[in-house]
Student: 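Could you have a look at this structure, given as structure tokens, before my questions?
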Amino acid sequence: QLEELKDLIEQDAARLAKPIPGDIGNITAEVERLQKVILDRAQRLERQLQVEADAKAEAAAHTPTEHDAEELAKKIGQKRKEMSEALNELKKKRGELGNRGDLDPELEHEMDATEQVVGQAVEKLEKVEEAVPPPTTAPPTTTTASAATSTAAEAAASSATTVTESTTWRPPMVVRASRRRQRLEGVIKEVEADLDAAEGQAKGFGKEVVPHGVKWWRYRWEYSLVEALIICLLCLIAAFWQYVHDKFREYLGRQVLDAPVFLTDHFKHVVLATWVRYFWGELVVLLLTTMTVWALVHAGFFDSWIRVQFLCLWHVNLPTEGIMYAELSFNVAMQLVTAVMLFFVLTLQICYSAMRNDRDCQCLEQGKRDELARKPVASSMIGQFASSPEEYTALKKGWFEGVSERCSEMTPRGARHQAQQVCAALDERGVLTDGNHNAFPLWFFISERVRMGTENTFTINAMIWLLCWLTFFCFAMAHYLLHVAYIRISIVLALISVSVFIYMTITVRRIRSVHDDSLATRLPPIVIVACFQFPLFFLCFVTTRLVVSFWMWMYFFHYALLFSFLLAVFLVVFPAVISPTIVAYLIKTSFPPHTNDSARLIREVMDEHEVHKMREELRRRAPRCYSPERSKRHMV
């Protein structure tokens, strides 16, 4: 009624805003209408005020009795019993679902919230039930009691004349009842809020579980399935742009080589320069991939896919609107970009370790004792084999002896033929036959082997993206057919990476005969490093997906916290332990019996050594043309 009266008053105000009629007849009619309206509004307001007065009088006239307290206690007890039974039934259903393995994280999260809210409401109802005053016994009816009562009344009446009006004394029974009523009112207010919360939770139960609106999935594997399919699409797009990028870069490289002012670029021997080039190249590829997704969204690609998706995937909850696919695609694209950046940050630590090893090997071979005194050799890399110029000289001598012994009859025929090619490459400059050991810089050979292996850890080409597509497609099939979660996949990838790392550690510490021709000797180090690169990339993506996903923190808070902690630990352990171990493995595989495939590299190293000596001579003759400042200007 108040709302109706309010609407009528707003309509009256709107009509009063209109201009007053100009002639007498219309003015008279308008005055009569206004009189009727004012009378009607006054009558409505009077009726509403009377209703409120009657309600207040009825509330004031009703004084709670002991019977009302008993009824209230019964109702509260009955309500508490019903809620307790419903809560026990919910716990029983939860146990049955858990035993059958049908309790998915979303449903478990909803059940936890409901049990907590309803449990709190039941506890508060128990407090209210305890706070309700029990019914008092009837007053005594004996003559003695009546006499005592009348005597007490007379005494109270006689003493009342001597009490001033400011006296506030009340009987103890009244004080206790007042305090009990105040406590009861406070508990009732608390339980009212808890009951409202329980009612809201009960009404909203299942809204975060049953597919509806933007929450289109029922089980987590359904979300992972669609996400894996989108990643497959992104990998195909990235493979295309990677191929275009590499071909365009190759074309520009040929143009640079044909330029009349071209000078040989020696940055290829610096692994950090290669890392920078590949890092920026991958960012360009990912940018083009994201732009392609944006174009597909605006071209209606996902709207067309929605029309045929249920023909390919049966009995699966899938997005029903193109905007859902678009939002998920951009989220996954951002996760992919973050994973690639994390991957390159980790491989950057390997580059730093490789550059540190280059410096140590050069100082050891050239006998730079002052520099070694300022910055000692890293004990986790070349320091495992030689830590002083004298030890390095013995190590180099052993390298030549091992290469020569591998050409003997004790080595199997196939490996012996490759070892003879290595010796032939060294003898082109009389390294073995004439003892011209200075013509072969072992430190530069080790540096090149480490550089090529390190570059293989971060090199991403179109074939790598196609392998990623195949892998994620297998993940999608695992989600669809086996309902496998990403956590299990992460564990498998981590085990593969740990296995490769353990193999590298064993290879570094194990001493093999120079005549060994086992599988471990025949396997190129680059292949082993590639086996470490692939799971490392997927671990970066899976970790990024688990850490930055909101649903992970909502439904798997402890797992998300654990993964975040493990990621922080891994970022600390990787540069301190894993990177030096990879470099040490590449150093170890630069010595016999792992040198069968290095004849070509040996020739390139010796040629580069000769070029380096000529460059040093030119730098001595024309220092201004080959000054470090000029080199920096060319780099800029």
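Residue numbers count from 1 along this sequence.
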Student: Do Cys468 and Phe541 have side chains that approach each other closer than 4.5 Å (heavy atoms only, starting at C-beta)?
Tutor: no

Student: Which pairs with one or both residues in residues 409-435 pass ring-ring contact (aromatic ring centres under 6.0 Å, His included), sequence neighbours excluded?
Tutor: none

Student: Verify side-chain contact (heavy atoms from CB on, under 4.5 Å) between Glu365 and Leu442, making sure each step is shown before the conclusion.
Tutor: CA-CA 8 Å; Glu365 185 160 346; Leu442 179 61; 3.8 Å; yes

Student: Excluding sequence neighbours, so at least two apart, what forms side-chain hydrogen bond (donor to acceptor under 3.5 Å, both in side chains) with Trp275?
Tutor: Thr347

Student: Which residues pass the side-chain hydrogen bond (donor to acceptor under 3.5 Å, both in side chains) test with Arg603, not counting sequence neighbours?
Tutor: Glu428

Student: Would you be so kind as to tabulate the donor-acceptor pairs closer than 3.5 Å made by side chains of residues 229-242, with sequence neighbours excluded?
Tutor:
| unit_1 | atom_1 | unit_2 | atom_2 | d |
| --- | --- | --- | --- | --- |
| Trp241 | NE1 | Thr292 | OG1 | 2.8 |
| Gln242 | OE1 | Trp465 | NE1 | 3.2 |
| Gln242 | NE2 | Asp246 | OD1 | 3.2 |
| Gln242 | NE2 | Glu282 | OE2 | 3.2 |
| Gln242 | NE2 | Ile460 | O | 3.4 |

Student: Lys368: what forms a side-chain hydrogen bond (donor to acceptor under 3.5 Å, both in side chains) with it, not counting sequence neighbours?
Tutor: Gln366

Student: Got a sec, which residues hit side-chain contact (heavy atoms from CB on, under 4.5 Å) with Tyr251, two or more places apart in sequence or on another chain?
Tutor: Arg254, Gln255

Student: Taking only residues two or more places apart in sequence, or in another chain, which ones meet Arg249 in a salt bridge (charged side-chain N to carboxylate O under 4.0 Å, His left out)?
Tutor: none

Student: So that I can tick it off, tell me whether Arg369 and Glu390 are bridged by a salt bridge, with the cut-off set at under 4.0 angstrom between side-chain N and carboxylate O.
Tutor: yes

Student: Please evaluate residues Gln384 and Ser379 with respect to the criterion side-chain contact (heavy atoms from CB on, under 4.5 Å), reporting the C-alpha separation (whole Å), side-chain torsions for both, the decisive distance (0.1 Å), and the verdict.
Tutor: CA-CA 6 Å; Gln384 297 188 40; Ser379 60; over 6 Å; no

Student: Applying side-chain hydrogen bond (donor to acceptor under 3.5 Å, both in side chains), name anything that partners Asp358, two or more places apart in sequence or on another chain.
Tutor: Ser447

Student: Enter the distance from Leu566:CG to Thr543:OG1 here, rounded to the nearest 0.5 Å.
Tutor: 8.5 Å

Student: Around atom CE of Met477, are there more than 12 heavy atoms of other residues, nucleotides or ligands at under 6.0 Å?
Tutor: yes

Student: For Phe343, enumerate each residue passing the ring-ring contact (aromatic ring centres under 6.0 Å, His included) test, keeping only those at least two apart in sequence or located in another chain.
Tutor: Phe537

Student: Does Arg374 have any salt bridge (charged side-chain N to carboxylate O under 4.0 Å, His left out) partners at least two apart in sequence or in another chain, and if so, which?
Tutor: none

Student: Return a table of donor-acceptor pairs under 3.5 angstrom between the side chains of residues 329-338 and protein atoms on other chains or two or more places apart.
Tutor:
| unit_1 | atom_1 | unit_2 | atom_2 | d |
| --- | --- | --- | --- | --- |
| Ser329 | OG | Tyr325 | O | 2.6 |
| Asn331 | ND2 | Glu327 | O | 3.2 |
| Thr338 | OG1 | Met334 | O | 2.8 |

Student: For the residue pair Trp399 and Phe440, does the interplanar ring angle fall in the parallel (under 30°), tilted (30 to 60°) or perpendicular (over 60°) class?
Tutor: parallel

Student: Pick one: which of Asp607, Asn438, Asp434 meets side-chain hydrogen bond (donor to acceptor under 3.5 Å, both in side chains) with Arg429?
Tutor: Asp607

Student: Before you tell me yes or no, could you show the steps for Lys375 and Asp370 under salt bridge (charged side-chain N to carboxylate O under 4.0 Å, His left out), namely the whole-Å CA-CA distance, both residues' side-chain angles and the distance that decides it to 0.1 Å?
Tutor: CA-CA 9 Å; Lys375 194 172 184 180; Asp370 295 339; over 6 Å; no

Student: Does a donor on one side chain and an acceptor on the other come within less than 3.5 Å for Glu391 and Ser387?
Tutor: yes

Student: Run the salt bridge (charged side-chain N to carboxylate O under 4.0 Å, His left out) test against Glu371 and tell me which residues pass, sequence neighbours left out.
Tutor: Arg359

Student: Looking at Tyr243, I want to see if its OH is surrounded by more than 12 non-hydrogen atoms of other residues, nucleotides or ligands under 6.0 Å.
Tutor: no

Student: Are Phe458 and Leu346 close enough that some pair of their side-chain heavy atoms sits under 4.5 Å apart?
Tutor: no

